[in-house]
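None of these values were measured; they are calculated from a predicted model. Residues take their numbers from the sequence shown, with the count starting at 1.
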Amino acid sequence: MEYRKLGNSDLTVSAIGFGAWAAGGAWWGAVEEREVIAAMQKAFDLGVTLFDTAPSYNKGHSEEILAKAMGSHRHEIIIATKFGLVWDEAGTIAGLTKDASRQRILQEIDDSLRRLKTDYIDLYQQHWPDPSTPLEETMTTLLELQQAGKVRHIGVSNFDVPLLEEALRYAPIVSNQFAYSMLQDQENPFRMLRKHVEEDVFPFCRERGIGVLPWGPLHHGLLTGKFTPQDALASKWGEWRDLEPEFQGKRYLRNLRIVDKLKLLAAERGVTVGQLAINWTLRNPAVSATLVGAKRPSQIEENVEGAGWSLTDDDRQRIEEILASPVPSSEF
């Protein structure tokens, strides 16, 4: 396993982080708790030290599973969790609300510590920007938790440059987590455009010592090569993929052609297309670790092989040519 510093903090993390979003069982279909626990334990055995979770991953269930899996290894791993997203009674994405107020943070930190069976969080992150709460209120509350020993380091998630600049006025931010993949070139409420990330966000974070933790490097499975044109005929993908433009209409079919071409390049390197996509996100020096989800041991065994090697300049150029190549409309 490859290891990197998390921004300018004193934390060293595995280049592949275990993203425990699907582990909670919400939005991604049925999840076998026994299998997820085995996947987390396999990840640890393979050298993964960074485990990222959140209370909003099925109302804390993901945090509870992580505690079951990693209890005896607590002091050997980096636990990253979050605050600030609140479920409605129906448990839908549309019903999630943002609340990063002082009162909410003080409630959430104690709930997370209880579920995780620990007395400190290594990296505590604001899950999404909350326009209704002054950032100063959020950050000064986090500083208090840090001074109290409940939080080692403060991070944010889904913050653009202006919000990062403001947050840094109130607290030392060591990480920023946001979606990033090869296919990120369409307007999307959950993803910044790839060009903006690479030209603006990455340079700012590197200059300020903020480690980037990309999530979604496989673009919700699209870059694993497991999907087919027939899958688009299903009435629903599932709640999260239904919101993704990359899974819609001709755009989806175009992406399948891109993945087929990437498979050929990956095969030349002796890796899978998923490993190629993961390694591609690690190429930027601003990136500390890439967060990849897994529901079973076999998935994490494949994911970890996305680190520990580097794409050549020729590989990168060919990838850019593949991503930029138009697909004739006649193919559809």
Side-chain angles (χ1 to χ4, degrees), residues 1 13-83 85 87 91-93 96 108 111-118 121-125 127 157 177 179 213-227 237-241 272 274-275 277-278 289-307:
M1 176 57 66
V13 297
S14 52
I16 302 296
F18 191 107
W21 185 1
W27 304 330
W28 295 107
V31 176
E32 283 281 343
E33 182 174 311
R34 176 180 55 82
E35 285 263 82
V36 173
I37 289 174
M40 290 177 174
Q41 292 171 340
K42 173 59 71 174
F44 178 78
D45 291 342
L46 294 172
V48 173
T49 59
L50 175 62
F51 291 80
D52 180 79
T53 182
S56 58
Y57 300 165
N58 202 4
K59 304 177 183 178
H61 189 47
S62 175
E63 290 182 325
E64 292 170 343
I65 289 177
L66 180 57
K68 290 180 182 179
M70 292 288 106
S72 62
H73 299 294
R74 170 64 189 99
H75 300 296
E76 301 171 75
I77 64 171
I78 304 299
I79 292 180
T81 193
K82 311 178 190 74
F83 66 89
L85 278 186
W87 285 82
T92 62
I93 292 175
L96 278 173
E108 287 208 39
D111 288 343
S112 288
L113 290 171
R114 185 189 71 253
R115 286 189 293 260
L116 288 163
K117 300 187 186 307
T118 184
I121 303 296
D122 298 288
L123 180 64
Y124 202 43
Q125 307 158 100
H127 206 150
S157 185
Q177 179 181 150
L213 300 173
W215 59 265
L218 299 177
H219 217 107
H220 309 311
L222 191 50
L223 284 163
T224 64
K226 70 180 182 181
F227 289 105
W237 285 108
E239 191 171 3
W240 190 261
R241 291 189 182 103
T272 67
Q275 290 163 351
I278 290 169
T290 291
L291 303 173
V292 192
K295 294 181 181 180
R296 57 190 68 91
S298 60
Q299 291 177 333
I300 193 64
E301 287 174 339
E302 178 175 347
N303 292 344
V304 297
E305 296 299 327

Q) Is a salt bridge present between E32 and R296, judged by a nitrogen-to-oxygen distance below 4.0 Å? A) no
(Q) If I take atom NZ from residue K117 and atom CG from residue L66, how far apart are they, to the nearest 0.5 angstrom? (A) 12.0 Å
Q) Counting N and O atoms only, with roles assigned by atom type, does the side chain of N303 sit under 3.5 Å from a partner on the main chain of A294, one being a donor and the other an acceptor? A) no
Q) Just how far is it from atom CD1 of I278 to atom CG of L223, taken to the nearest 0.5 Å? A) 9.5 Å
(Q) Is the shortest side-chain heavy-atom distance between I79 and E63 below 4.5 Å? (A) no
Q: Please round to the nearest 0.5 Å and tell me the distance separating atom CD of Q275 and atom OG1 of T224.
A: 11.5 Å
(Q) Students often mix this up, so state it plainly: with edges at 30° and 60°, are the rings of H220 and W215 parallel, tilted or perpendicular? (A) tilted
Q.
Do the side chains of D111 and R114 get close enough for a salt bridge, i.e. N-O under 4.0 angstrom?
A. yes
Q.
Is there a side-chain contact between I121 and L113 in this structure, where contact means two heavy atoms from C-beta onward sitting under 4.5 Å apart?
A. yes
Q) What heavy-atom pair brings A307 and A15 nearest, and what distance separates the two atoms? A) CB-CB, 4.2 Å
Q. Roughly how far, to the nearest 0.5 Å, is the CG atom of L50 from the CD1 atom of I78?
A. 7.5 Å
Q: Any chance you could measure K42, atom NZ, to E301, atom CD, to the nearest 0.5 Å?
A: 5.0 Å
Q: Could you please spell out the steps behind the side chain to side chain contact (heavy atoms under 4.5 Å, CB included) verdict for M70 and Q41?
A: CA-CA 7 Å; M70 292 288 106; Q41 292 171 340; 4.0 Å; yes
(Q) Would you say that E76 contacts F44 through its side chain, given a criterion of any heavy-atom pair below 4.5 Å between the two side chains? (A) yes
**Q.** T81 vs R115, side chain to side chain contact (heavy atoms under 4.5 Å, CB included): CA-CA, chis, key distance, verdict
**A.** CA-CA 11 Å; T81 193; R115 286 189 293 260; over 6 Å; no
Q.
Rounded at 0.5 Å granularity, tell me how far NE2 in H73 sits from OG1 in T49.
A. 13.0 Å
Q: Just do the salt bridge (charged side-chain N to carboxylate O under 4.0 Å, His left out) check on K68 and E33 with the steps written out, would you?
A: CA-CA 10 Å; K68 290 180 182 179; E33 182 174 311; 2.7 Å; yes
Q) Is there side-chain contact between S112 and K82, with at least one heavy-atom pair below 4.5 Å? A) no
**Q.** Listed partners of T53 passing side chain to side chain donor-acceptor pair (under 3.5 Å), at least two apart
**A.** S62
Q: Heavy atoms only: give me the nearest V13-A289 pair and the separation to one decimal.
A: CG2-CB, 4.1 Å
(Q) Which heavy atom of T272 sits nearest to which heavy atom of E302, and what is that distance? (A) OG1-OE2, 2.7 Å
Q: Please tell me if the side chains of V48 and I77 come closer than 4.5 Å, counting only heavy atoms from C-beta onward.
A: no
Q | Note, F18 side chain near V292 side chain (heavy atom, < 4.5 Å) | A | no
Q | Any side-chain heavy-atom pair of Q177 and L291 under 4.5 Å | A | yes
